[in-house]
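One structure below.
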Amino acid sequence: MDSFIQGLMLGYGVALPIGPLMILIMQYALRGFKFGLSLGLGAMSADLIFFTLLSFGLLGFVKNELVLKILGGFGAGFMLYLAFSIFKSATKISLNSTQKGKENIIKCFIKGFLLNGINPFVLIFWLSVSSFVATTKSAVFAMFGVILGIFSTIFFVVLVVSRLGHTISLRTARLITQGSAFLILAFALIMIYNTFIKGF
């Protein structure tokens with residue numbers, strides 16, 4: 001039980017900070033519950049793959065600086081693309097149901113998966129998590145706690161934001177979208193700095 005609680009607390013700690021992923025989840029949740037949740041589940045799928053492979057020692061090559069720089073380049077490039085596409089879409093936002101229906105939950109899932117899947121800092125984080133889990137009394141219970149903590153946080157955030165979406169004006173939704181784009185751009189620039197200037 002202690003291992004489960006430790007894993008659960010770690011899962012909450014992973015999911016709660018406002019990073020590029022949570023910003024994007026909230027932005028998509030404004031369009032509808034299923035879109036925000038699909039994005040979150042996509043990112044979580046990448047997390048689970050990393051977590052599983054690292055736990056079995058199958059991703060040792062990620063400690064290589066060159067590999068991390070390559071992943072950092074792709075990750076930053078993808079975030080720059082997201083920032084640009086989100087900013088561009090801000091003027092086209094409509095809060096009516098037809099606009100929501102045009103969204104594709106598969107694309108949302110893929111975006112979430114890629115956002116975490118090509119981010120070297122996510123890999124480094126899960127490397128430390130897998131090391132932590134290995135030190136607990138029950139690695140299985142700790143792993144389950146981490147997964148439940150991340151999923152429940154994503155689910156709660158998406159539920160709240162999607163339910164409050166109808167109270168937000170079109171102008172506010174557009175401002176939130178533009179703000180999201182600028183924040184993701186900032187995270188992309190930070191990633192470029194940390195990867196290529198500061199170093200790992």
Side-chain angles (χ1 to χ4, degrees), residues 10-31 35-51 54 59 62-63 65-93 103 107-129 146 149-151 153-158 160-162 165 168 172-200:
L10 183 59
Y12 290 142
V14 171
L16 280 173
I18 304 295
L21 176 62
M22 191 55 76
I23 291 165
L24 206 59
I25 287 173
M26 291 166 76
Q27 198 248 328
Y28 271 75
L30 283 173
R31 306 179 191 184
F35 306 120
L37 189 62
S38 296
L39 192 93
L41 289 176
M44 195 174 160
S45 299
D47 288 339
L48 289 178
I49 290 170
F50 289 151
F51 195 18
L54 286 165
L59 283 181
V62 300
K63 295 176 185 177
E65 192 175 333
L66 178 62
V67 172
L68 290 173
K69 286 194 182 221
I70 292 168
L71 283 171
F74 278 113
F78 183 66
M79 277 205 271
L80 287 171
Y81 159 75
L82 277 180
F84 175 74
S85 59
I86 290 169
F87 186 80
K88 194 177 172 185
S89 69
T91 52
K92 301 175 186 174
I93 285 180
E103 291 293 339
K107 285 182 181 176
C108 293
F109 182 91
I110 292 169
K111 275 185 183 177
F113 184 86
L114 288 175
L115 191 61
N116 269 9
I118 55 178
N119 187 336
F121 297 99
V122 171
L123 265 174
I124 291 168
F125 171 78
W126 284 109
L127 188 61
S128 60
V129 170
V146 171
I150 294 172
F151 176 76
T153 304
I154 290 171
F155 186 87
F156 178 75
V157 169
V158 171
V160 170
V161 174
S162 62
I168 296 171
T172 304
R174 285 176 177 167
L175 285 173
I176 290 170
T177 302
Q178 289 170 341
S180 299
F182 281 118
L183 282 171
I184 290 173
L185 173 63
F187 280 110
L189 295 175
I190 289 168
M191 183 183 285
I192 290 168
Y193 172 76
N194 285 338
T195 305
F196 300 104
I197 300 170
K198 183 182 173 185
F200 289 94

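For reference, positions follow the sequence shown, starting with 1.
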Residue pair [X] / [Y]: nearest heavy atoms and the distance that separates them:
X: Gly75; Y: Met191; value: C-SD, 3.7 Å
X: Tyr28; Y: Phe35; value: O-CB, 3.8 Å
X: Leu82; Y: Ser85; value: O-OG, 3.0 Å
X: Ala181; Y: Ile86; value: CB-CG2, 4.0 Å
X: Met26; Y: Val157; value: CG-CG1, 3.7 Å

With a 3.5 Å cut-off and sequence neighbours excluded, list the donor-acceptor pairs that the side chains of residues 113-123 form with protein atoms.
{"unit_1": "Asn116", "atom_1": "ND2", "unit_2": "Ala43", "atom_2": "O", "d": "3.4"}
{"unit_1": "Asn116", "atom_1": "ND2", "unit_2": "Asp47", "atom_2": "OD1", "d": "2.9"}
{"unit_1": "Asn116", "atom_1": "ND2", "unit_2": "Asp47", "atom_2": "OD2", "d": "3.3"}
{"unit_1": "Asn119", "atom_1": "OD1", "unit_2": "Phe121", "atom_2": "N", "d": "3.0"}

Rounded distance (nearest 0.5 Å) linking atom [atom1] of [X] with atom [atom2] of [Y]:
X: Cys108; Y: Ile25; atom1: SG; atom2: CD1; result: 11.0 Å
X: Tyr81; Y: Lys111; atom1: OH; atom2: NZ; result: 5.5 Å
X: Leu21; Y: Met44; atom1: CG; atom2: CE; result: 11.5 Å
X: Ile184; Y: Phe78; atom1: CD1; atom2: CZ; result: 9.5 Å
X: Met22; Y: Leu183; atom1: CE; atom2: CG; result: 13.5 Å
X: Leu41; Y: Phe155; atom1: CG; atom2: CZ; result: 10.0 Å

Phe187 vs Ile23 side-chain heavy atoms within contact, under 4.5 Å: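 Result yes, sub-4.5 Å side-chain heavy-atom pair found.
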Hey, are the side chains of Ser45 and Phe109 touching, using non-hydrogen atoms and a 4.5 Å cut-off? yes
Do any N or O atoms from the side chain of Thr195 and from the backbone of Ile192 form a donor-acceptor pair under 3.5 angstrom?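 Side chain of Thr195 to backbone of Ile192: no pair is present.
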